[in-house]
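Only one structure is covered here, and it is reproduced in the block below.
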Amino acid sequence: MDLTKMFLFLLTLLSIYHAKFGVFNPIQLLRQGSGAAGEYSDCLSWRLAVETNNLRDWRTVPESCAEYVADYMLGKQYRDDCDLVADAASDYAQSVKPTAGGDGKDVWVFDIDETTLSNIPYYNRSDVRFGALPRNGTKYYQWVAQGAAPPVPSVLRLYNTVLSLGFKTVILSASSDQFTKIRSVNLNNAGYNYNWERLIFKGEADRGISGSMFKSKIRTELVNEGFRIVGNIGDQYGDILGDNIGNRTFKVPNPMYYIG
Ligand SMILES: *[C@@H]1O[C@H](CO)[C@@H](O)[C@H](O)[C@H]1NC(C)=O
Ligand SMILES: *[C@@H]1O[C@H](CO)[C@@H](O)[C@H](O)[C@H]1NC(C)=O
Ligand SMILES: *[C@@H]1O[C@H](CO)[C@@H](O)[C@H](O)[C@H]1NC(C)=O
């Protein structure tokens, strides 16, 4: 037996040992070390790293975490996590509520996808697999054009709370303005009753800039118009970083995709 064979034999033994006792898996370590494949043995750690913006610019959910992400999005934990964010945002909104008879310039900014509206029915499809398959814009916009997205219930609750406190709302999405009509009907059907101050999508003129830059630009325009952004909520860091992000930002979870 030469040295290479001896080494492979040892690796195999250690792998079997790991499979039985779950202690040490050199194959897994080699895979993680190689980077490109992006396989992770601990999907909760992966999701935490995603939520804290430690992992960026990832294109698909790692195959090794596909099932984990599907279970998370369909299960109780995702709903609980959204509830906690919305509750914290509600508490904050109540603590800073605009003075009665305010000037109508205190606004909350809400993102759409995976914030006010949920695309879980789309991501649940076998040809999408909760982001484990590469994003396909054509397919995604075919789903958007159906106007059938349900709300994220916790965010709908927050939305109604901030309205009842006397704030105005701005719904801001970097998705295409070709679907403005259908999306506004969708938002209304989902419970956001056409009572936003503004509903803004990315138009032709801004096609060349990133979603994040587009949102910074719009928020700056709002501030220049005299609006005060008191709260801002989205599922992407691009929603809550940049210029004029607001007095406080909130992020709901999204382990299905990353938008820079
Ligand atoms: C997800 O897909 C499964 C299998 O097709 C289906 O049974 C389930 O109702 C779907 N759930 C949602 C929330 O879309
Ligand atoms: C994207 O989806 C469309 C519509 O389903 C399909 O025709 C096209 O082949 C897909 N593109 C890729 C690269 O898979
Ligand atoms: C928001 O931030 C601005 C600028 O720091 C400050 O003047 C204002 O009082 C803050 N508003 C609230 C509601 O905290």
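Counting starts at 1 for both ligands and their atoms, in listed order.
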Looking at [atom], what's its closest protein heavy atom, distance included?
atom                    : value
atom 13 (C) of ligand 3 : V96 CB, 3.9 Å
atom 12 (C) of ligand 2 : N136 ND2, 3.4 Å
atom 11 (N) of ligand 1 : N124 ND2, 2.9 Å

Are any non-hydrogen protein atoms located under 4.0 Å from [atom]?
atom                   : value
atom 5 (O) of ligand 3 : no
atom 9 (O) of ligand 3 : no
atom 2 (O) of ligand 3 : yes

For Y257 together with Y123, are the ring centres under 6.0 Å from each other? yes
Next on the checklist: Would you say the ring centers of W196 and W108 fall short of 6.0 Å from each other?
Outcome noted: no
- Query: Where does the angle between the aromatic ring planes of Y159 and F110 fall among parallel (under 30°), tilted (30 to 60°) and perpendicular (over 60°)?
  - Reply: perpendicular
CG (D239) and OG1 (T249) are apart, to the nearest 0.5 Å, by 10.0 Å
What I want to check is whether the side chains of S173 and S175 have a donor and an acceptor closer together than 3.5 Å. yes
Tested for salt bridge (charged side-chain N to carboxylate O under 4.0 Å, His left out) against D106, the lone hit among K97, K168, R228 is R228
(Q) Any nitrogen or oxygen of N247, side chain or backbone, less than 3.5 Å from one on ligand 3? (A) yes
Ligand 1 to L74, heavy atom cutoff 4.0 Å, flagged ligand atoms 13 (C)
